[in-house]
Amino acid sequence: MNIELIKAILHVLDPAVDAPILSEAILPPSEDALQYLAGHAAKCFASDEAKACTLADDSAFLPLLWNIEDDFEKKTAVIAGDWLRVMQENPAIPAGDAAFLLLEIDGAEYLAALKLNYKPGWLHYCRMDGGPAVNEVVRQGTVLPGTSGKADEAFFVDLRTNAVRLLEKKYEIDGRKQTYLGSRILGCRAGLSPREKLSAIQAVAGEVNQQFYGNTGVDEPELAMAVCEEFYAARAEEKSRAGKPDPVPVQAICDKLYGDMPHAREAFTKALAEHDITLDEPLPLSAPAVRRMEKQSLRSAGGVEIKVPVNVYRDESALEFIRNPDGSMSLLIKNIIV
């Protein structure tokens with residue numbers, strides 16, 4: 001990912017005060033500060049929890065995007081004010097700083113916002129008030145996330161297409177845990193994040209396998225293997241043509257799981273449609289997410305856990321799954337080196 005931060009401004013969102021503490025000028029070009037914000041922006045944009053969304057035609061946020069490059073300070077102040085009002089109405093949403101960014105990602109220009117929630121921290125304070133000098137340890141309640149942390153919430157709006165990439169978190173709102181950033185600030189319709197989409201595909205595969213084959217307990221490794229194979233096939237294709245890897249298509253996962261099983265394939269397709277997922281959709285997983293899938297955990301009723309690499313899952317010379325009369329599965333591990 002190529003990311004270039006053009007300019008940024010920081011507004012303080014503290015529900016304990018009546019209005020946001022607004023900055024009237026963009027951040028000075030401090031290399032450390034800009035690298036800090038660009039790093040957090042890159043993490044949020046690439047997150048498997050980020051959703052692709054569409055702004056509604058009647059969204060009050062939409063007019064703020066017009067010529068925002070030329071009126072950056074005033075328009076981000078309006079967004080910050082709307083954001084704080086929602087926070088004041090819902091005390092479970094924590095205080096934090098809103099960093100608004102104009103940046104280019106892979107050649108496309110975006111308006112982005114990162115909500116940097118405060119973390120408690122500690123620092124030293126040198127007290128010299130006429131008496132003996134004392135170095136104290138002082139608690140600081142408004143520490144921003146470190147470079148190894150991440151922003152809890154963020155959005156990115158493509159200024160050419162108005163497409164939105166949204167990372168949001170659930171809080172206690174109106175008596176239940178729910179998100180608010182997309183619906184109450186941006187006015188957009190959210191899709192599924194890659195992680196949510198993968199979870200839905202996994203649940204559907206389990207239902208279909210149970211319906212047609214009575215298969216339980218081994219659906220997740222099968223799906224993981226299909227995803228990993230398609231991901232690395234796309235990587236190999238990327239190297240051969242020196243381009244960006246294509247996302248794993250849901251169609252390819254379906255082919256891997258049910259290529260020669262038309263009835264199961266049809267049931268899988270219909271069940272996915274109930275989750276608003278179609279076979280021609282991409283599943284844009286990151287490399288770290290795929291690496292986490294490369295080893296799948298199998299657990300026994302007694303609490304024994306074994307991690308199995310998906311590349312040996314179907315290798316009968318290494319593993320054998322044995323169905324027991326009571327419907328449970330046993331695992332025979334072969335060629336153990338002691």
Side-chain angles (χ1 to χ4, degrees), residues 3-45 47 49 64 68-69 71-103 111-156 167-173 177 179-181 184-185:
I3 183 167
E4 180 185 353
L5 184 53
I6 301 169
K7 57 183 173 181
I9 193 168
L10 193 72
H11 299 312
V12 177
L13 306 180
D14 185 353
V17 298
D18 293 335
I21 303 173
L22 301 172
S23 180
E24 296 178 345
I26 62 173
L27 282 170
S30 161
E31 185 175 349
D32 288 343
L34 296 183
Q35 282 185 350
Y36 168 81
L37 293 173
H40 277 288
K43 287 182 187 178
C44 293
F45 190 85
S47 172
E49 299 177 2
L64 294 172
I68 195 168
E69 304 94 325
D71 208 2
F72 187 61
E73 293 87 347
K74 289 183 179 179
K75 290 190 173 182
T76 58
V78 173
I79 301 168
D82 293 339
W83 207 331
L84 182 64
R85 277 190 289 275
V86 174
M87 293 169 63
Q88 290 171 329
E89 294 167 359
N90 301 279
I93 304 173
D97 290 351
F100 292 89
L101 320 173
L102 276 178
L103 69 171
L111 168 70
L114 312 175
K115 177 132 184 294
L116 303 168
N117 292 338
Y118 301 141
K119 314 287 182 184
W122 298 87
L123 49 82
H124 72 260
Y125 172 70
C126 302
R127 180 164 59 85
M128 290 178 286
D129 52 6
V134 179
N135 294 325
E136 299 179 351
V137 176
V138 180
R139 187 180 188 276
Q140 171 59 262
T142 56
V143 177
L144 300 180
T147 54
S148 61
K150 67 173 185 176
D152 290 316
E153 300 171 274
F155 65 77
F156 300 79
L167 179 66
E168 53 185 354
K169 189 173 181 179
K170 291 183 178 180
Y171 297 101
E172 189 77 22
I173 298 174
K177 286 269 190 178
T179 58
Y180 72 94
L181 182 55
R184 303 194 183 204
I185 305 298

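- L84 CG to E89 CD: the interatomic distance, rounded to the nearest 0.5 Å, is 10.0 Å.
- Formation of a donor-acceptor pair under 3.5 Å by the K115 side chain with backbone atoms of P94 is found in this model.
- One finds the CD1 atom of I9 at 8.0 Å from the CG atom of L22 (value rounded to the nearest 0.5 Å).
- Here CD1 of I68 is found 4.5 Å from CD1 of I79. Values are rounded to the nearest 0.5 Å.
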*What's the verdict on side chain to side chain contact (heavy atoms under 4.5 Å, CB included) for V86 and Y180, showing C-alpha distance, side-chain angles and the deciding distance?*
CA-CA 8 Å; V86 174; Y180 72 94; 3.7 Å; yes

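- Between E153 and K169, the shortest heavy-atom distance links the atoms CG-N, 3.9 Å.
- Between H11 and F100, the ring planes lie tilted relative to each other; the angle falls in the 30° to 60° range.
- When side chains are defined from C-beta on, L181 does not count as touching Y171, because their heavy atoms never get closer than 4.5 Å.
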*Intermediate values then yes/no, side chain to side chain contact (heavy atoms under 4.5 Å, CB included), V138 and W122*: CA-CA 6 Å; V138 180; W122 298 87; 5.9 Å; no

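- Atom CD of Q88 is separated from atom CG of D14 by 9.0 Å, given to the nearest 0.5 angstrom.
- Side chain of K43 to main chain of G149: a donor-acceptor pair is present (N/O by atom type, distance under 3.5 Å, no hydrogens or angles).
- For D71, there are no side chain to side chain donor-acceptor pair (under 3.5 Å) partners two or more places apart in sequence or in a different chain.
- Under the rule for a salt bridge (charged side-chain N to carboxylate O under 4.0 Å, His left out), the partners of E136 that lie at least two apart in sequence or sit in another chain are R127.
- Listed by first and then second residue, the side-chain hydrogen bond (donor to acceptor under 3.5 Å, both in side chains) pairs involving residues 137-147 are Q140-T142 (not counting sequence neighbours).
- To the nearest 0.5 angstrom, F155 atom CZ is 12.0 Å from L167 atom CG.
- Between F156 and F45, the ring planes are perpendicular. Angles over 60° get that label, and only those under 30° would be called parallel.
- No side-chain heavy atom of L10 sits less than 4.5 Å from a side-chain heavy atom of S23.
- Side-chain atoms of F72 and L102, non-hydrogen and from C-beta on, do get closer than 4.5 Å to each other.
- When every heavy atom of P20 is checked against every heavy atom of L13, the shortest pair comes out as CB-CD2, 4.0 Å.
- Using a 3.5 Å distance cut-off with no hydrogens or angles, the side chains of N117 and K119 do not pair a donor with an acceptor.
- Residues that satisfy the side chain to side chain contact (heavy atoms under 4.5 Å, CB included) test with L34, not counting sequence neighbours, are L5.
- In this view, E69 satisfies the side chain to side chain donor-acceptor pair (under 3.5 Å) rule with no residue, not counting sequence neighbours.
- Within 6.0 Å of CG on D129 lie more than 12 heavy atoms contributed by other residues, nucleotides or ligands.
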*List the steps and the verdict of side chain to side chain contact (heavy atoms under 4.5 Å, CB included) for K7 and L27.*
CA-CA 7 Å; K7 57 183 173 181; L27 282 170; over 6 Å; no

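- Within the structure, ring pair (Phe, Tyr, Trp, His ring centres under 6.0 Å) contacts touching residues 12-41 (residues at least two apart or in different chains) are Y36-H40.
- Residues E73 and I26 approach most closely at OE2-CG2, 3.5 Å, considering heavy atoms.
- Interatomic distance, L37 CG to L114 CG, rounded to the nearest 0.5 Å: 6.5 Å.
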